Amino acid sequence: MRRGAVVALTTSALFLTAACGGSSEKKDDQPKAAESGGSAEQKPAAAPLTDAQMKAGLLEVADLPTGWKIEPAASSDERPKAEKPECQPLALLMSEKIDGATMGGNREFAQGNDSAMLAQQIFTYADGAAATAFVKSVTDAIGPCATFTTAQDGEKMTITSQKLTVPQVGEEAVGVRLTMDIPQLGMKLESDVLVARQGAGLTRLAYVPMGEKPDHSAFEDLAKRGGGKFAKGAQG
């Protein structure tokens, strides 16, 4: 639950597999890339990120403010499903794997005595159009899905979403705060999530402040650090 909370909380599973995995065979849940127009001059299609590029984009303890420590990044098979189809892009932010994407590295960090958690994951699509479509699907879902419900293994969870202003790292970026009501634990968790794209690659970075009154003030700085390093690594 700690991992899921972070991710989605940071994005649930929180962020993903440390080893680079292959593309999923399932295609139904992945966002569809927009069809290209008929312009005579078109930019070359962005190539998928290499293992080296994804590794270079991951945060290290030295990249963070004082007080952060690295934590083991556990894998998870959690695959929450939104009850409303239009909200599935936000539910995907809480899944360890994204259909149609190749997963790269992930890192998890804790601050002090677990007063906050931070998780970063990097993945890549086969081309820039699919990566752009993923960002758009998340952006488009935030408004209609201010409140939505996910189901997993017979358990339901109510989640609220709120669009956040984030540093414009990479070619495009979107931010969302996901608040999860976890009845099994009798608590709510808030996670600030950054999704940033550079070419065909993306990073998900989730910051989860703990406590009765979560302090979200550190998110902008962490998003700038994580998103900036990702973009630099993706550019080679």
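Note that the structure is predicted; figures quoted are calculated from it, not measured.
- Contact of the Val176 side chain with the Leu164 side chain is not registered, since no non-hydrogen atoms from C-beta on lie closer than 4.5 Å.
- The CZ atom of Arg177 sits 9.5 Å away from the OG1 atom of Thr160 when rounded to the nearest 0.5 Å.
- For Glu60, the side chain to side chain donor-acceptor pair (under 3.5 Å) test picks out Arg107, with sequence neighbours left out.
- Residues Val195 and Leu202 are in side-chain contact: their nearest non-hydrogen atoms beyond the backbone lie under 4.5 Å apart.
- Pairing each heavy atom of Pro89 with each of Ser137, the nearest pair is CB-O, 3.5 Å.
- In this structure, the side-chain contact (heavy atoms from CB on, under 4.5 Å) partners of Ser115, at least two apart in sequence or on a different chain, are Gln111.
- Listed by first and then second residue, the disulfide bond (SG atoms under 2.5 Å apart) pairs involving residues 186-236 amount to none (not counting sequence neighbours).
- Inspection of the Thr132 and Arg197 side chains reveals an N or O donor paired with an N or O acceptor under 3.5 Å.
- Residues in residues 95-177 take part in these disulfide bond (SG atoms under 2.5 Å apart) pairs, two or more places apart or across chains: Cys87-Cys145.
- Closest approach of Ala126 and Pro48 over heavy atoms only: O-CD, 3.3 Å.
- Annotation: the span from Thr102 atom OG1 to Phe123 atom CZ amounts to 10.5 Å, rounded to 0.5 Å.
- More than 12 heavy atoms of other shown residues, nucleotides or ligands fall within 6.0 angstrom of atom CD in Glu172.
- The disulfide bond (SG atoms under 2.5 Å apart) contacts involving residues 195-236 comprise nothing, where partners must be two or more places apart or lie in separate chains.
- Contact detail for Ala200 and Ala131: the closest heavy-atom pair is O-CB, 3.6 Å.
- Contacts classified as disulfide bond (SG atoms under 2.5 Å apart) and involving residues 202-236 (residues at least two apart or in different chains) are not found.
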**OP:** List the steps and the verdict of side chain to side chain contact (heavy atoms under 4.5 Å, CB included) for Leu118 and Leu205.
**Re:** CA-CA 7 Å; Leu118 179 70; Leu205 183 142; 3.6 Å; yes

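- Within a 6.0 Å radius of NZ in Lys84, more than 12 heavy atoms belonging to other residues, nucleotides or ligands are found.
- Note that CG of Leu49 and OH of Tyr125 are 12.5 Å apart. Values are rounded to the nearest 0.5 Å.
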Report all side-chain donor-acceptor pairs from residues 210-217 shorter than 3.5 Å, counting only partners two or more places apart or in another chain.
unit_1	atom_1	unit_2	atom_2	d
Asp215	OD1	Ser217	N	3.0
Asp215	OD1	Ser217	OG	2.7
Asp215	OD2	Ser217	OG	3.3
His216	ND1	Asp192	OD1	3.3
His216	ND1	Asp192	OD2	2.8
His216	NE2	Glu190	OE1	2.5

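- Considering only heavy atoms from C-beta on, Met54 stays 4.5 Å or farther from Thr203 through its side chain.
- Residues Leu194 and Phe219 come closest through the heavy atom pair N-CZ, 3.9 Å.
- A 4.5 Å side-chain heavy-atom check between Leu189 and Asp181 finds every atom pair outside the cut-off.
- Under the side chain to side chain donor-acceptor pair (under 3.5 Å) criterion, Thr50 pairs with Gln53, not counting sequence neighbours.
- Listed by first then second residue, pairs satisfying salt bridge (Lys or Arg N to Asp or Glu O under 4.0 Å) with a partner in residues 131-142 read Lys136-Asp140, not counting sequence neighbours.
- For Lys55, the NZ atom sits in a loose shell: 12 or fewer heavy atoms of surrounding residues, nucleotides or ligands are nearer than 6.0 Å.
- Distance CG/Leu178 to CG/Leu93: 6.0 Å, rounded to 0.5 Å.
- Between Leu90 and Ile159 the shortest side-chain heavy-atom distance does not fall below 4.5 Å.
- In this structure, the separation between NZ on Lys188 and OG1 on Thr158 is 9.0 Å, given to the nearest 0.5 Å.
- For Glu83, the salt bridge (charged side-chain N to carboxylate O under 4.0 Å, His left out) partners are Lys156, not counting sequence neighbours.
- With sequence neighbours excluded, the residues satisfying side-chain contact (heavy atoms from CB on, under 4.5 Å) with Ala218 are Tyr207, Leu222.
- With a 4.5 Å cut-off on side-chain heavy atoms, Gln120 and Arg204 do not count as touching.
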For residues 226-236, which side-chain N or O atoms pair as donor and acceptor with protein atoms under 3.5 Å away, sequence neighbours left out?
unit_1	atom_1	unit_2	atom_2	d
Lys229	NZ	Leu58	O	3.1
Lys229	NZ	Asp63	OD2	2.7

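- In this structure, Glu108 and Pro72 approach most closely via the heavy-atom pair OE1-O, 3.9 Å.
- Of all heavy-atom pairs spanning Ala91 and Thr150, the tightest one is CB-CG2, 4.2 Å.
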